[in-house]
Amino acid sequence: MVFKRLLGSLGVGGPTVDTVLDPGAARPGGLLSGRVHLVGGTADHDVEHVALELVARVETEHEEHGDGEGVVVFDRHVVGGSFRLAAGAETSVPFTVALPWETPVTELYGQPLGIVLGVRTELAVAGARDKGDLDQLTVAPLPAQEAVLEALGQLGFGFRSADLEYGRIGGTGQQLPFYQEIELTPPPAYAHQVNEIELTFLAVPGALEVVLEADKRGGPFSAGHDALSRFTVPHEGPSGPQDWNALVDGWIQELVEHRASYGSHAVYGHEAGYGGHEPGHSGGSGIGVGTAVLAGAGVIAGGIVAAEVVDEVGDFFEDDSDDDSGDDPDDGSAEDFGGDGED
């Protein structure tokens, strides 16, 4: 989806910007490429810089204010600048930037997970800045992430929802100010022990950390509680022959039998610790193409939000018919994610 908008802060007759991402889904830690097309206005302008911001809708939890939604800028790249854009002239700025390893996954096998990410273009001209172009960013899972989700589907877990939670998971090397949480319904084999399983991926250049949280059911003499564990696997999967289903099932068994760990994922502005350990695993990948984990998911309209918190956001992306509305891009409308985007 491409937006062509008149740069409001530059006034009528100012330059226009149109950012086009190269086709295909990106991947966490991978490269994102495309071009920023600029068309000069009715007068010459000195372009100070062209920058790209990666933004996300994130949910927040606050003891005093309750649940909310907002927008976070989680990465920024200056891709061009210091040139003169003549009146009516056209130019194109190519770019290739690296995505953070913790970039959330927005789809699995082409099915949307309800996570919304965007690439927002900022053009600074003669001291004025305008964020006038916003493009939806699609991110597919890394092979190890896909393998874990595939195994969970094969084990009978069902997809419930996915969102981005503002905060940090204690005890991890988390870099972004939010984390992705995928909620799964348990199969019959575990339904008597847990209400749901929450899954978070935290990738780094050499490995993938898998954080699992179980909402455990209470018993006749005990209350329900949360149990958390974490496991680490290389991006290419464990070396040697590996039954992914058995590996992941072992993680789940350890999680639901682990009674010493209490708490939950990060609450807004706080860190929550968790137990578990990182056992060594051996084996290799045997990734199928089943989509059991998405069975019944359909098109998901899950909740989503992040660092600069805004109470009301609305839909992220509007129809192309609204592109030329001429609204001020910083007016809090859905198209600009409801914020000014400053770090």
Side-chain angles (χ1 to χ4, degrees), residues 1-26 30-56 71-100 103 116-139 308 310 314-343:
M1 184 178 299
V2 175
F3 295 89
K4 298 178 180 179
R5 297 183 56 184
L6 183 68
L7 295 183
S9 65
L10 301 179
V12 177
T16 58
V17 60
D18 178 9
T19 299
V20 180
L21 303 179
D22 287 346
L31 299 178
L32 177 69
S33 58
R35 289 179 173 272
V36 179
H37 299 295
L38 301 171
V39 179
T42 57
D44 295 352
H45 287 87
D46 292 320
V47 176
E48 296 177 354
H49 70 251
V50 179
L52 301 178
E53 295 178 337
L54 304 184
V55 294
V71 177
V72 63
V73 177
F74 65 94
D75 203 12
R76 176 183 170 87
H77 299 272
V78 175
V79 297
S82 298
F83 62 88
R84 190 167 185 80
L85 182 62
E90 298 185 18
T91 188
S92 182
V93 179
F95 63 84
T96 298
V97 299
L99 295 180
T103 299
V116 182
L117 305 179
V119 178
R120 184 165 57 191
T121 306
E122 176 185 275
L123 179 64
V125 176
R129 295 186 183 185
D130 197 295
K131 305 174 191 302
D133 193 43
L134 179 64
D135 298 88
Q136 189 168 2
L137 174 61
T138 301
V139 181
E308 306 165 273
V310 180
D315 296 331
F316 261 22
F317 299 99
E318 298 177 343
D319 294 336
D320 288 344
S321 59
D322 296 331
D323 294 349
D324 299 320
S325 62
D327 292 338
D328 187 322
D330 287 336
D331 63 359
S333 64
E335 196 170 83
D336 64 29
F337 290 72
D340 60 13
E342 294 298 324
D343 287 319

Going by the rule salt bridge (Lys or Arg N to Asp or Glu O under 4.0 Å), which residues pair with D22 if we only count those two or more places apart in sequence or in a different chain?
none

Which pair of non-hydrogen atoms, one from A26 and one from L99, has the smallest distance, and what is that distance?
CB-CD1, 3.5 Å

Between D46 (side chain only) and R84 (backbone N and O only), is there a donor and an acceptor less than 3.5 Å apart?
no

Minimal heavy-atom distance between S33 and T96, with the atoms involved, is CB-OG1, 3.6 Å

Minimum heavy-atom distance G14-H45, with the two atoms named
CA-CE1, 4.4 Å

Heavy-atom closest contact (A87 atom, D44 atom, distance)
N-OD1, 2.7 Å

Spatial distance of atom CG (D135) from atom CZ (R120) [nearest 0.5 Å]:
12.0 Å

Does anything in residues 89-100 pair up under salt bridge (charged side-chain N to carboxylate O under 4.0 Å, His left out), and if so which pairs, sequence neighbours excluded?
none

Rounded to the nearest 0.5 Å, what separation is found between the CD atom of Q136 and the CG atom of L117?
8.5 Å

Sequence-distant partners of A98, side chain to side chain contact (heavy atoms under 4.5 Å, CB included), two or more places apart
L31

Set of residues satisfying side chain to side chain contact (heavy atoms under 4.5 Å, CB included) with respect to V79, sequence neighbours excluded:
V50, L52, H77, V93, F95, V97

Kindly write out the residues that satisfy side chain to side chain contact (heavy atoms under 4.5 Å, CB included) with A25, not counting sequence neighbours, or none if the list is empty.
E107, T138, A140

Check step by step if side chain to side chain contact (heavy atoms under 4.5 Å, CB included) holds for L38 and T16.
CA-CA 6 Å; L38 301 171; T16 58; over 6 Å; no

